[in-house]
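For reference, the structure is listed below as structure tokens.
The figures here come from the full heavy-atom set of this structure, side chains too, leaving out hydrogens, waters and symmetry mates.
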Amino acid sequence: MPYIYSAAHEAAASGLPMARAMLLDYPHDDAAWSHDLQYMWGPSLLVAPRTSRDDATEVWLPAGGWYDFWQPQAPQQVAAGGTVISVGAERGLLPVFVKAGAILPRQDYTTSTAGADKRRMLLDIYTGASGSALLQEDDDVSEAYRKQGRLMTTAIRWDDAHRSLSIGAAHGSYRGAPSQRSWRLTLHGAGAGTCYSVNGKRFSATLDSSGQRATLQLPPASLRGATRIAPCR
């Protein structure tokens, strides 16, 4: 929900829709104009719905690295001009791909935004390229964000060359905003390292069975301070 909510704020401010035809993000790529049955959902997710009775669907992936959202073990590298792949599209499974460099803020499952614990945030980072995201939050129920500017933003950046993540200090506020937050980071394509420095303190990450996905739980900290995470030296 935080990823979608932030995309909705961007749409309201800029007019750029949450669901984007491929040509909006890739206007100079001829293939973007012909693959009109797939779309970008926000800046980082490519969605390719099954539109026929066939067991597979064709998906055009633009140049760059792309992860299968459902099996994000390693990114598929696509050369300039993109490529078309055939994806098994079993019933009930929506093909979704994540752009390398994407930063997806999430929350624990809840039946309503009213029950969401904003003191805890999940953050998925898809390595393979540098990227950034702007987390935008409000009270979820009113138009105070628009009428009184009651909005909180947090800039997040991934530096792929240095394998480092920066979570900026939060700016602004809203009714009910938390003062502290814990982050659970998941680095897709992380590699074998498990030691990370968080503002100079060492923490250990947990690797999944593939050895390519690292999970790092950070303790609660003030939202008014910045956080930098990098591999231990």
- Kindly indicate whether the side chain of T215, heavy atoms from C-beta on, has any atom under 4.5 Å from the side chain of R184. yes
R157 meets the side-chain contact (heavy atoms from CB on, under 4.5 Å) criterion, sequence neighbours left out, with S132
Quick note, salt bridge (Lys or Arg N to Asp or Glu O under 4.0 Å) partners involving residues 161-173, not counting sequence neighbours, are D160-R163
Cut-off 3.5 Å, no hydrogens considered: what does the side-chain donor-acceptor table look like for residues 37-46, sequence neighbours left out?
| from | atom 1 | to | atom 2 | distance (Å) |
| --- | --- | --- | --- | --- |
| Q38 | OE1 | W60 | N | 2.9 |
| Q38 | NE2 | W60 | O | 2.8 |

Discussion item. Between Y67 (side chain only) and T127 (backbone N and O only), is there a donor and an acceptor less than 3.5 Å apart?
Written reply: yes
Residue pairs meeting salt bridge (Lys or Arg N to Asp or Glu O under 4.0 Å), one or both in residues 107-123, sequence neighbours left out, come to D108-R120, D117-R119, K118-D140
side-chain hydrogen bond (donor to acceptor under 3.5 Å, both in side chains) filter on R146, not counting sequence neighbours, yields E143
CG (L187) and CG (L165) are apart, to the nearest 0.5 Å, by 7.0 Å
CG of L104 to CG of L135, rounded to nearest 0.5 Å, is 11.5 Å
For H9, the ring-ring contact (aromatic ring centres under 6.0 Å, His included) test, sequence neighbours excluded, returns Y5, Y145
Distance col, row H188:NE2 vs S210:OG, nearest 0.5 angstrom, shows 10.0 Å
Q) Does T154 reach the main-chain N or O of G168 with its side chain, forming a donor-acceptor pair under 3.5 Å? A) no
For the hydrophobic clusters of this structure (ILVMFWY residues joined by side-chain heavy atoms under 4.5 Å, transitively), does one cluster hold both L94 and V98? yes
Nearest heavy-atom approach of G191 to Q212 is N-OE1, 4.1 Å
The reported gap from CG in L134 to NE2 in H171 (rounded to nearest 0.5 angstrom) is 9.5 Å
Shortest non-hydrogen pair, G172 vs M152, comes out as O-CG, 3.6 Å
Separation between CG (D138) and OG (S173), nearest 0.5 Å, reads 11.0 Å
If we only count heavy atoms from C-beta on, is the I4 to M18 side-chain gap below 4.5 Å? yes
Those residues at least two apart in sequence (or on a different chain) that pass side-chain hydrogen bond (donor to acceptor under 3.5 Å, both in side chains) with S142 are D139
**Asked** What's the verdict on side chain to side chain donor-acceptor pair (under 3.5 Å) for S164 and Y196, showing C-alpha distance, side-chain angles and the deciding distance?
**Response** CA-CA 9 Å; S164 65; Y196 288 87; over 6 Å; no
> With a 4.5 Å limit on heavy-atom distance, are the side chains of S182 and Q217 in contact?
Replying inline: yes
When you group the ILVMFWY residues by side-chain heavy-atom contacts below 4.5 Å and let the links chain together, are Y3 and L123 in the same group? no
Residue pairs meeting ring pair (Phe, Tyr, Trp, His ring centres under 6.0 Å), one or both in residues 201-233, sequence neighbours left out, come to none
Side chain to side chain, I125 and T186, heavy atoms closer than 4.5 Å | no
Any side-chain heavy atom of Y126 sitting closer than 4.5 Å to one from K99? no
Here the pair of heavy atoms bringing L207 nearest to A214 is CD2-CB, 3.8 Å
### Message
Membership question, hydrophobic clusters at under 4.5 Å side-chain separation (ILVMFWY): are W158 and W183 in the same one?
### Response
yes
Sorted by chain and number, sequence neighbours left out, salt bridge (charged side-chain N to carboxylate O under 4.0 Å, His left out) with D25 holds for R20
With sequence neighbours left out, the residues meeting side-chain contact (heavy atoms from CB on, under 4.5 Å) with T227 are I167, V198, N199, L218, I229
To the nearest 0.5 Å, atom CD1 of I156 lies from atom CD1 of I103 at 6.0 Å
What one should report as the nearest heavy-atom pair of T57 and P95 is CG2-CG, 4.0 Å
Determine whether a donor-acceptor pair (N or O, by modelled atom type, separation under 3.5 Å) exists between the side chain of W33 and the backbone of P27. yes
> Transitively linked via ILVMFWY side-chain contacts under 4.5 Å: L93 with V96?
Replying inline: yes
So the salt bridge (Lys or Arg N to Asp or Glu O under 4.0 Å) pairs with at least one residue in residues 167-182 (sequence neighbours excluded) are E137-R181
Residues at least two apart in sequence or cross-chain that pass salt bridge (charged side-chain N to carboxylate O under 4.0 Å, His left out) with D124, listed by chain then number, are R106
All heavy atoms of Y26 vs all of A32, minimum pair found to be O-CB, 3.2 Å
(message) For residues L151 and V141: do they belong to one hydrophobic cluster (side chain heavy atoms under 4.5 Å, members Ile, Leu, Val, Met, Phe, Trp, Tyr)?
(response) no
| said: For E58, is the CD atom crowded, meaning more than 12 foreign heavy atoms sit under 6.0 Å from it? | reply: no
